[in-house]
Amino acid sequence: QDFRLSGKILELYGDYRDKTSPSAVINIRLILEKNAGPRFEPCLTQTYLQTIPMEKIEPANLARGFGKGLQNIVEALIADFSKKQR
């Protein structure tokens with residue numbers, strides 16, 4: 001079966017308000033659609049928020065935080081989709 005995944009980034013930033021506990025924040029709305037003949041129909045719509053702690057404020061740490069947050073979101077999407085398929 002064919003699926004299509006689309007998303008909208010709602011937030012993507014480094015939260016440095018507390019200098020002793022910075023974090024990378026990613027908030028994204030994902031829509032998973034399945035092919036229903038002539039068109040695609042939504043089968044899962046979910047907003048995912050990840051706040052990943054960083055050791056210190058550095059661009060490389062922020063990029064790693066975004067990567068880890070996105071990895072967590074994809075894993076959550078797969079788990080949510082699997083539950084829905086049962």
(Q) Main chain of Ala63, side chain of Asn61: is a donor-acceptor contact present, judged purely on distance under 3.5 Å? (A)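 Answer holds: no.
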Which distance, rounded to the nearest 0.5 Å, do you find between the [atom1] of [X] and the [atom2] of [Y]?
| X | Y | atom1 | atom2 | value |
| --- | --- | --- | --- | --- |
| Ile26 | Leu49 | CD1 | CG | 9.5 Å |
| Arg29 | Ser6 | CZ | OG | 11.0 Å |
| Leu5 | Phe40 | CG | CZ | 11.5 Å |
| Thr45 | Leu32 | OG1 | CG | 8.5 Å |
| Gln50 | Glu11 | CD | CD | 13.0 Å |
| Asn35 | Cys43 | CG | SG | 11.0 Å |

So which heavy atom on [X] is nearest to which on [Y], and how close?
| X | Y | answer |
| --- | --- | --- |
| Tyr16 | Pro22 | CD2-CB, 3.8 Å |
| Leu62 | Ala24 | CD1-CB, 3.7 Å |
| Ser23 | Thr51 | OG-CG2, 3.5 Å |

Q: Would you mind reporting whether Thr47 and Leu10 have side-chain heavy atoms less than 4.5 Å apart?
A: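 Yes. Closest side-chain heavy atoms under 4.5 Å.
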Q) Can you tell me if Gln46 and Asp80 form a side-chain donor-acceptor pair at under 3.5 Å? A)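 Note: Gln46 and Asp80 side chains miss the donor-acceptor criterion.
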**Q.** Verdict with reasoning, Ile57 to Lys19, per side chain to side chain contact (heavy atoms under 4.5 Å, CB included)
**A.** CA-CA 8 Å; Ile57 300 172; Lys19 302 287 187 213; 4.0 Å; yes
Q: Start with the C-alpha distance between Ile31 and Glu33, add both sets of side-chain angles, then the distance that settles side chain to side chain contact (heavy atoms under 4.5 Å, CB included), and finish with yes or no.
A: CA-CA 6 Å; Ile31 301 169; Glu33 300 171 300; 3.8 Å; yes
Q: Applying side chain to side chain contact (heavy atoms under 4.5 Å, CB included), run through Leu30 and Ile73 and close with a yes or a no.
A: CA-CA 10 Å; Leu30 296 176; Ile73 288 169; 3.9 Å; yes
Q | Cluster check Leu77, Ile9: I/L/V/M/F/W/Y, side chain < 4.5 angstrom | A |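 Linked, Leu77 and Ile9 end up in one cluster.
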(Q) Would Asn27 and Tyr13 count as a side chain to side chain donor-acceptor pair (under 3.5 Å) here? Give the steps. (A) CA-CA 9 Å; Asn27 187 4; Tyr13 64 94; over 6 Å; no
(Q) Apply ring-ring contact (aromatic ring centres under 6.0 Å, His included) to residues Phe3 and Phe81 and explain how you reach the verdict. (A) CA-CA 12 Å; Phe3 290 91; Phe81 179 69; 5.3 Å; yes
Q: Kindly check if the number of other-residue, nucleotide or ligand heavy atoms within 6.0 Å of CD (Glu55) is above 12?
A: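 No.
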Q: Would you sort out whether Val25 and Ile52 count as a side chain to side chain contact (heavy atoms under 4.5 Å, CB included), showing the intermediate values?
A: CA-CA 6 Å; Val25 179; Ile52 306 297; over 6 Å; no
